[in-house]
Amino acid sequence: MGGNSPCASCKLLRRRCAKDCIFAPYFPSDDPHKFAIVHKVFGASNVSKTLQELPLQQRADAVSSLVYEANARIRDPVYGCVGAISYLQNQVSQLQMQLAVAQAEIVCIQMQQDPIMVAANPQMVLGQADDDDQAFLLQNQCFNFANNNSSSSAYVNIHESLKKESIFGDIVS
């Protein structure tokens with residue numbers, strides 16, 4: 001940065017910070033850890049080349065992405081960001097399963113209260129489901145729920161039958 005304090009990059013690399021230093025706008029001297037982690041994962045030369053190839057308006061976002069990926073690589077050297085994404089996708093899938101089970105339990109309770117209306121129009125309760133097999137399966141599980149009066153066994157039955165189908169209707173083992 002000219003006559004002032006050198007940027008974090010130049011300080012770490014122990015070189016003089018030129019007026020046109022490509023790192024200076026993105027790696028200020030008051031945050032040396034930011035460049036240190038990016039340098040450790042990607043190397044200063046690669047980061048410099050990457051920034052030079054990008055237009056000025058995209059460089060700040062690229063630096064943010066590099067810092068994020070570098071932090072993820074330090075935490076998980078094998079998978080990095082992909083590991084975090086996979087973990088979050090798995091969490092979404094589990095929450096979707098819990099939601100489907102909760103909706104099935106609601107249908108079962110509704111069928112206990114008014115089985116004639118639900119049996120006459122199962123698509124209404126199942127959210128306009130067009131798959132008769134799913135409607136039959138859910139009705140069967142709900143009648144098991146009503147006959148057993150054991151919500152935990154019905155939960156397991158519904159959970160197991162829903163676990164075999166993904167949201168897209170593919171069979172999952």
Side-chain angles (χ1 to χ4, degrees), residues 1-107 123 125-135 137-138 155-173:
M1 294 268 259
N4 294 345
S5 175
C7 68
S9 164
C10 293
K11 197 180 281 187
L12 182 77
L13 299 173
R14 298 173 191 219
R15 63 182 186 194
R16 185 177 145 301
C17 192
K19 186 177 182 181
D20 60 343
C21 177
I22 195 159
F23 296 117
Y26 312 107
F27 300 103
S29 61
D30 61 347
D31 193 6
H33 179 70
K34 185 176 173 182
F35 181 76
I37 198 164
V38 170
H39 173 60
K40 182 176 182 178
V41 173
F42 298 108
S45 176
N46 289 330
V47 174
S48 175
K49 288 176 191 174
T50 301
L51 291 177
Q52 287 174 352
E53 292 174 359
L54 292 172
L56 282 172
Q57 63 270 21
Q58 293 179 349
R59 289 180 183 178
D61 290 336
V63 168
S64 294
S65 295
L66 288 170
V67 170
Y68 186 83
E69 176 66 27
N71 281 318
R73 285 279 168 197
I74 294 297
R75 275 186 261 117
D76 185 355
V78 175
Y79 295 108
C81 285
V82 174
I85 291 168
S86 177
Y87 172 78
L88 292 172
Q89 285 176 334
N90 188 28
Q91 207 171 17
V92 167
S93 178
Q94 289 174 352
L95 291 171
Q96 287 172 334
M97 180 67 68
Q98 290 175 358
L99 177 62
V101 168
Q103 288 171 336
E105 287 177 353
I106 289 170
V107 170
Q123 281 75 17
V125 176
L126 295 172
Q128 304 300 326
D130 57 359
D131 190 1
D132 292 332
D133 293 337
Q134 285 182 342
L137 176 66
L138 190 54
Y155 174 85
V156 169
N157 289 339
I158 293 170
H159 183 72
E160 289 302 315
S161 56
L162 288 174
K163 195 162 65 172
K164 292 178 183 167
E165 288 190 32
S166 75
I167 295 170
F168 304 109
D170 301 331
I171 300 299
V172 178
S173 54

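Side chains are part of it too, since the values below use all heavy atoms of this structure and drop only hydrogens, waters and symmetry mates.
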Under 3.5 Å, which donor-acceptor pairs do the side chains of residues 46-59 form with other protein atoms, sequence neighbours left out?
| residue | atom | partner | partner atom | Å |
| --- | --- | --- | --- | --- |
| N46 | ND2 | F42 | O | 2.8 |
| T50 | OG1 | N46 | O | 2.8 |
| R59 | NE | L51 | O | 2.7 |
| R59 | NE | L54 | O | 3.1 |
| R59 | NH2 | L51 | O | 3.3 |
| R59 | NH2 | L54 | O | 3.3 |

F23 CZ to C17 SG distance, which is reported to the nearest 0.5 Å: 10.0 Å
D61 CG to L66 CG distance, which is reported to the nearest 0.5 Å: 11.0 Å
R73: salt bridge (Lys or Arg N to Asp or Glu O under 4.0 Å) partners, not counting sequence neighbours: E69
Check: K34 side chain, P28 main-chain N or O, donor-acceptor pair, under 3.5 Å: no
Side chain N71, main chain V67, donor-acceptor under 3.5 Å: yes
From H39 atom NE2 to F27 atom CZ, the distance as rounded to the nearest 0.5 Å: 11.0 Å
Side-chain donor/acceptor of S93 to backbone N/O of Q89, under 3.5 Å: no
Pair L99-Q103, side-chain contact (heavy atoms from CB on, under 4.5 Å): steps then yes or no: CA-CA 6 Å; L99 177 62; Q103 288 171 336; 4.0 Å; yes
Rounded distance (nearest 0.5 Å) linking atom CD1 of I37 with atom OH of Y68: 12.5 Å
Check against side-chain contact (heavy atoms from CB on, under 4.5 Å), R15 and S9: CA-CA 9 Å; R15 63 182 186 194; S9 164; 3.8 Å; yes
From S29 atom OG to F35 atom CZ, the distance as rounded to the nearest 0.5 Å: 13.5 Å
Pairwise distance OH(Y87) to CG(D76) - rounded to 0.5 angstrom: 13.0 Å
